[in-house]
Amino acid sequence: MTETGKDSKPRRGRPPEGGPVTMATIGKLAGVSQVTVSRALSNPEKVSAAAMERIQEAIRVTGFVPNALAGALASRKSCLITALVPSITNVVYSSLLHGFSEIMRAEGYQLMVSETGFSPETEEALIFTHLSRRPDGILLTGIHHSATARRMLLGAGIPVVEFWDITESPIDCCVGFSHTESGRHTAEMAHGWGYRRAATVAAGDQRALRRRDGFRNRFAELSGHADIPAITGEAGPASLQSGRAALAALIEDHGFSGGVIQCSSDQSALGILTEARIRGLRVPQDVAVIGFGDQDYAAFTDPPLTTVKVDRDRLGRAAARAMLTRFRGESDPDRVTDIGFELLRRASA
């Protein structure tokens with residue numbers, strides 16, 4: 001039997017306030033019963049095309065994610081936290097997760113992690129998959145997500161913590177620091193150390209680009225020189241190889257020398273140090289280098305690397321505390337937690 005449902009159209013607009021979007025919500029918006037919504041999700045061939053269209057539109061508008069575990073658990077609590085990070089092999093993200101998961105495990109929660117590969121499309125698909133498992137909360141890297149992803153997260157009605165970045169308008173709450181301000185502060189310090197020429201080397205992901213732009217804009221203001229060469233790679237992690245290629249391009253294409261190079265990561269900064277040594281350049285006399293991340297090796301390069309440090313363990317733990325506060329129904333945590341950063345001056349600049 002095919003059910004046609006009512007002729008009413010879905011009410012457009014935001015999902016109802018005060019709770020998660022359910023199949024009953026979808027039914028009301030689509031003008032059909034909850035049973036019809038359930039049938040549309042499990043046996044769509046038994047629902048008329050008109051009713052199916054209205055249901056799909058209601059799902060699109062609200063960001064509703066079907067429950068893949070419906071009926072499997074008597075309790076609404078899964079004790080599962082899901083996390084999305086750009087790379088599971090990058091020490092930056094693995095160390096962020098370490099502090100977070102240590103606290104969550106002690107509270108009886110398990111962590112499921114997936115890798116987005118710096119792709120908004122992959123992140124959106126993984127958010128759908130993770131939410132279908134009905135986690136108690138979700139941890140996201142960064143603050144920029146697709147409109148569809150935001151609708152799904154808002155409709156899920158669970159705590160969402162965005163970390164490694166901050167914004168005044170998080171989905172729920174965020175824990176991190178300002179990438180733009182870290183770039184600006186690095187420019188101010190470099191100019192204060194006496195550098196009047198500068199260049200930047202950045203990976204193509206949006207957080208690295210904000211650090212780059214913060215540096216370039218502020219250094220241009222301070223030095224009066226707007227022509228600051230910028231070498232930018234593709235989206236994804238930086239590498240020693242890309243750092244070597246970047247210094248070669250700065251020298252051969254821009255004639256760069258006698259200045260400071262701001263890098264979006266310690267990996268690319270290490271590549272610049274390597275290329276400088278191969279070319280017989282002195283660091284910091286012929287070229288100075290500033291990295292980002294304060295990796296374990298940064299203090300032991302030759303010369304030791306000047307870099308921006310972010311306390312990743314503290315950040316991960318702060319994200320865990322924010323989520324636990326939401327679980328316990330205590331007074332709302334600060335929506336924005338800025339843990340700051342520190343510029344460590346060593347011999348490379």
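No experiment lies behind these values; they were computed from the predicted model shown.
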key: Test of ring centre spacing under 6.0 Å for Phe177 and His179   =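 For Phe177 and His179, the ring centres are under 6.0 Å apart.
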
request  = Answer yes if the ring centres of Tyr195 and Phe219 are under 6.0 angstrom apart, and no otherwise.
outcome  = no

Short side-chain donor-acceptor distance under 3.5 Å, [Y] and [X]:
X: Glu124; Y: Ser146; result: yes
X: Ser178; Y: Thr180; result: no
X: Gln241; Y: Ser239; result: no
X: His191; Y: Ser223; result: no

Identify the heavy atoms of [X] and [Y] that sit nearest to each other, and give their distance.
X: Trp164; Y: Val310; answer: CZ3-CG1, 3.6 Å
X: Ala319; Y: Val175; answer: CA-CG2, 3.9 Å
X: Ile143; Y: Glu162; answer: CA-OE2, 3.4 Å
X: His144; Y: Gln206; answer: CD2-OE1, 3.2 Å
X: Val113; Y: Ile88; answer: CG1-CG2, 4.1 Å
X: Pro159; Y: Met323; answer: O-CE, 4.3 Å

- Message: If hydrophobic clusters are built from ILVMFWY residues whose side chains come within less than 4.5 Å, do Phe256 and Val260 share one?
- Response: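 In one cluster: no.
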
- Query: Is Ile290 linked to Leu222 within one hydrophobic cluster, defined over Ile, Leu, Val, Met, Phe, Trp and Tyr using a side-chain heavy-atom separation of less than 4.5 Å?
  - Reply: no

Judged by atom type as modelled, is there a donor-acceptor pair below 3.5 Å linking the side chain of [X] to the main-chain atoms of [Y]?
X: Arg212; Y: Ser264; answer: no
X: Thr306; Y: Arg346; answer: yes
X: Asp266; Y: Asp294; answer: yes
X: Ser242; Y: Ala238; answer: no
X: Arg210; Y: Gly214; answer: no
X: Arg218; Y: His185; answer: no
X: Asp136; Y: Ser78; answer: yes
X: Asn217; Y: Asp213; answer: yes

(message) Set out, in order, the CA-CA distance, both residues' side-chain angles and the distance that settles side chain to side chain donor-acceptor pair (under 3.5 Å) for Thr148 and Arg151, then state yes or no.
(response) CA-CA 5 Å; Thr148 298; Arg151 282 196 296 270; 3.2 Å; yes

Do [X] and [Y] come within less than 4.5 Å of each other through their side chains, counting heavy atoms only?
X: Arg312; Y: Phe163; value: no
X: Leu96; Y: Phe100; value: no
X: Leu140; Y: Ile138; value: yes

Exercise. Determine, stepwise, if the pair Ser33 / Thr36 fulfils side chain to side chain donor-acceptor pair (under 3.5 Å).
Key: CA-CA 5 Å; Ser33 69; Thr36 301; 2.9 Å; yes

Problem set entry | Stacked cation flag Arg211 on Phe292, 6.0 angstrom / 45 deg | yes

Going through the checks in order, is the side chain to side chain donor-acceptor pair (under 3.5 Å) test met by Thr22 and Thr25?
CA-CA 5 Å; Thr22 64; Thr25 307; 3.2 Å; yes

Requested in this report: Identify whether the distance between the nearest side-chain nitrogen and carboxylate oxygen of Asp172 and Arg335 falls below 4.0 Å.
Outcome: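 So Asp172 does not pair with Arg335 through a salt bridge.
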
| What do the steps show when you test Arg279 against Asp286 for salt bridge (charged side-chain N to carboxylate O under 4.0 Å, His left out), and what is the final call? | CA-CA 11 Å; Arg279 289 174 176 263; Asp286 298 324; over 6 Å; no

